[in-house]
**Q** 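My questions all concern the structure below.
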Amino acid sequence: MSKTWQRMDEEIEATSMPSDYRDKKVWILCNDCNDTTEVNFHIIGQKCGHCRSYNTRAVGPPVLPQ
């Protein structure tokens, strides 16, 4: 999938986001490594910071034990 992820990187770099969304953060769950991270939102996709995959989905923030 590395060539696919590279093309997505290029598309994201070439597609600027409107100012309303430029600094928007979202929590994602990676479907490949099951890591949950906070990343910058982009209309094309969100990249996992752990395994670098775009096979992700938006989720709510993690709930911390009290």
Side-chain angles (χ1 to χ4, degrees):
M1 293 299 294
S2 60
K3 287 189 185 264
T4 302
W5 301 156
Q6 182 179 357
R7 278 210 69 208
M8 293 207 41
D9 285 339
E10 292 167 359
E11 286 293 324
I12 286 172
E13 189 159 334
T15 307
S16 62
M17 291 294 290
S19 60
D20 290 347
Y21 295 100
R22 200 164 290 142
D23 297 321
K24 182 174 173 56
K25 298 274 193 177
V26 293
W27 284 94
I28 60 165
L29 172 64
C30 179
N31 296 315
D32 291 334
C33 71
N34 289 321
D35 193 28
T36 302
T37 53
E38 187 178 31
V39 297
N40 288 326
F41 172 79
H42 199 282
I43 193 67
I44 293 176
Q46 282 70 239
K47 186 176 192 173
C48 176
H50 182 252
C51 73
R52 316 301 283 167
S53 167
Y54 282 98
N55 184 16
T56 62
R57 65 178 180 241
V59 295
V63 177
L64 302 174
Q66 295 196 14

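Both backbone and side-chain heavy atoms feed into the values below; hydrogens, waters and symmetry mates do not.
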**Q** Return the set of residues passing side chain to side chain contact (heavy atoms under 4.5 Å, CB included) with R22 (not counting sequence neighbours), or none when no residue passes.
**A**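 Side chain to side chain contact (heavy atoms under 4.5 Å, CB included) check on R22 returns S19.
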**Q** If you measure from OG1 on T56 to NE2 on H50, what distance do you get to the nearest 0.5 Å?
**A**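 If we round to the nearest 0.5 Å, T56:OG1 and H50:NE2 are 14.5 Å apart.
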**Q** To the nearest 0.5 Å, what is the distance between CD1 (I44) and CD (E13)?
**A**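 Those atoms lie 11.0 Å apart.
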**Q** What's the spacing between T15 OG1 and I43 CD1 if we round to 0.5 Å?
**A**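 These two atoms lie 10.0 Å from each other.
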**Q** Might you point out which heavy atoms bring V39 and K47 nearest each other, and give the distance in Å?
**A**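 So the two residues come closest at CG1-O, 3.6 Å.
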**Q** Closest heavy-atom contact between Q46 and N40?
**A**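 So the minimum-distance heavy-atom pair works out to CG-O, 3.8 Å.
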**Q** Which heavy atom of W5 sits nearest a heavy atom of N55, and at what distance?
**A**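 The answer is CH2-N, 4.0 Å.
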**Q** Name all pairs fulfilling the salt bridge (charged side-chain N to carboxylate O under 4.0 Å, His left out) condition that reach into residues 28-41, sequence neighbours left out, sorted by first residue then second.
**A**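 Residue pairs passing salt bridge (charged side-chain N to carboxylate O under 4.0 Å, His left out), neighbours aside: none found.
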**Q** Starting at OH of Y54, measure out to NE2 of H42 and round the result to the nearest 0.5 Å.
**A**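 Atom-to-atom, Y54:OH and H42:NE2 are 8.5 Å apart.
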**Q** List, by chain and then residue number, the residues other than V59 in its hydrophobic cluster (Ile/Leu/Val/Met/Phe/Trp/Tyr, side-chain heavy atoms under 4.5 Å); write none if there are no others.
**A**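 W27, L29, all in the cluster of V59.
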